[in-house]
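Have a look at the structure below before the remarks.
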Amino acid sequence: MPSPHSPEFRRRAVELARQGSKSTVELAKDLGISRSCLQNWVAQAAAEEKAVGEAARPTNAEKKELAELRRRNKQLEAENQILKRAAAYFASENVLPK
């Protein structure tokens, strides 16, 4: 689902928040967004700028890639389980009676 706010809107909101002329609560109210939303945008912008000395937060691209890798890993694990069961089934069929 696409974001209801354009990247330009987000960038400008982050710039205004960093200026500090208004509190986060006031600015968020003026922009028609929640305080936590604005704080998340500011934190995400800092992570994407790779600010020195801050704890590294994943960028949006990294989050997207991580989600895709987790989905692919889950799929491969399921396929691996199917192959293990199939191998066990066929191995039990090939056992010769004594």
Side-chain angles (χ1 to χ4, degrees):
M1 184 169 139
S3 173
H5 302 289
S6 70
E8 177 61 26
F9 179 83
R10 289 176 180 223
R11 186 188 60 74
R12 186 69 181 127
V14 169
E15 287 175 9
L16 291 171
R18 287 179 174 169
Q19 287 175 359
S21 58
K22 290 186 177 183
S23 73
T24 306
V25 175
E26 290 173 323
L27 181 59
K29 186 177 179 181
D30 290 347
L31 295 173
I33 58 176
S34 69
R35 177 192 51 81
S36 62
C37 181
L38 181 57
Q39 288 175 329
N40 288 339
W41 290 352
V42 170
Q44 191 64 45
E48 289 174 358
E49 292 165 0
K50 300 286 185 188
V52 177
E54 290 186 17
R57 287 181 56 162
T59 64
N60 285 336
E62 290 170 333
K63 287 179 184 179
K64 210 176 218 183
E65 181 183 15
L66 184 58
E68 175 61 27
L69 290 171
R70 286 181 175 157
R71 184 197 62 76
R72 180 71 176 135
N73 189 43
K74 189 174 182 178
Q75 178 185 2
L76 290 172
E77 287 176 350
E79 290 173 2
N80 194 27
Q81 285 298 317
I82 292 169
L83 291 173
K84 283 181 183 180
R85 290 181 186 147
Y89 174 78
F90 289 118
S92 66
E93 277 189 357
N94 293 332
V95 174
L96 298 173
K98 293 184 181 182

Minimal non-hydrogen separation, Arg10 against His5, with atom names: NE-O, 3.8 Å
Gap between atom [atom2] of [Y] and atom [atom1] of [X] - 0.5 Å precision:
{"X": "Leu38", "Y": "Ile33", "atom1": "CG", "atom2": "CD1", "answer": "4.5 Å"}
{"X": "Trp41", "Y": "Gln44", "atom1": "CH2", "atom2": "CD", "answer": "12.0 Å"}
{"X": "Arg35", "Y": "Asn40", "atom1": "CZ", "atom2": "CG", "answer": "9.5 Å"}
{"X": "Glu77", "Y": "Gln81", "atom1": "CD", "atom2": "CD", "answer": "8.5 Å"}

Set of side-chain hydrogen bond (donor to acceptor under 3.5 Å, both in side chains) partners for Lys29, sequence neighbours left out: none
Whether over 12 other heavy atoms sit under 6.0 Å from Gln39 CD: yes
Side-chain heavy atoms of Leu16 within contact of Lys22, under 4.5 Å: no
Basic-acidic side-chain contact under 4.0 Å: Arg18, Glu15: no
Partner of Glu68 by salt bridge (charged side-chain N to carboxylate O under 4.0 Å, His left out), out of Arg71, Arg72, Lys64: Arg71
Same cluster (ILVMFWY, side-chain, under 4.5 Å), Leu27 and Phe9: yes
Pair Arg11-Glu8, salt bridge (charged side-chain N to carboxylate O under 4.0 Å, His left out): steps then yes or no: CA-CA 5 Å; Arg11 186 188 60 74; Glu8 177 61 26; 2.4 Å; yes
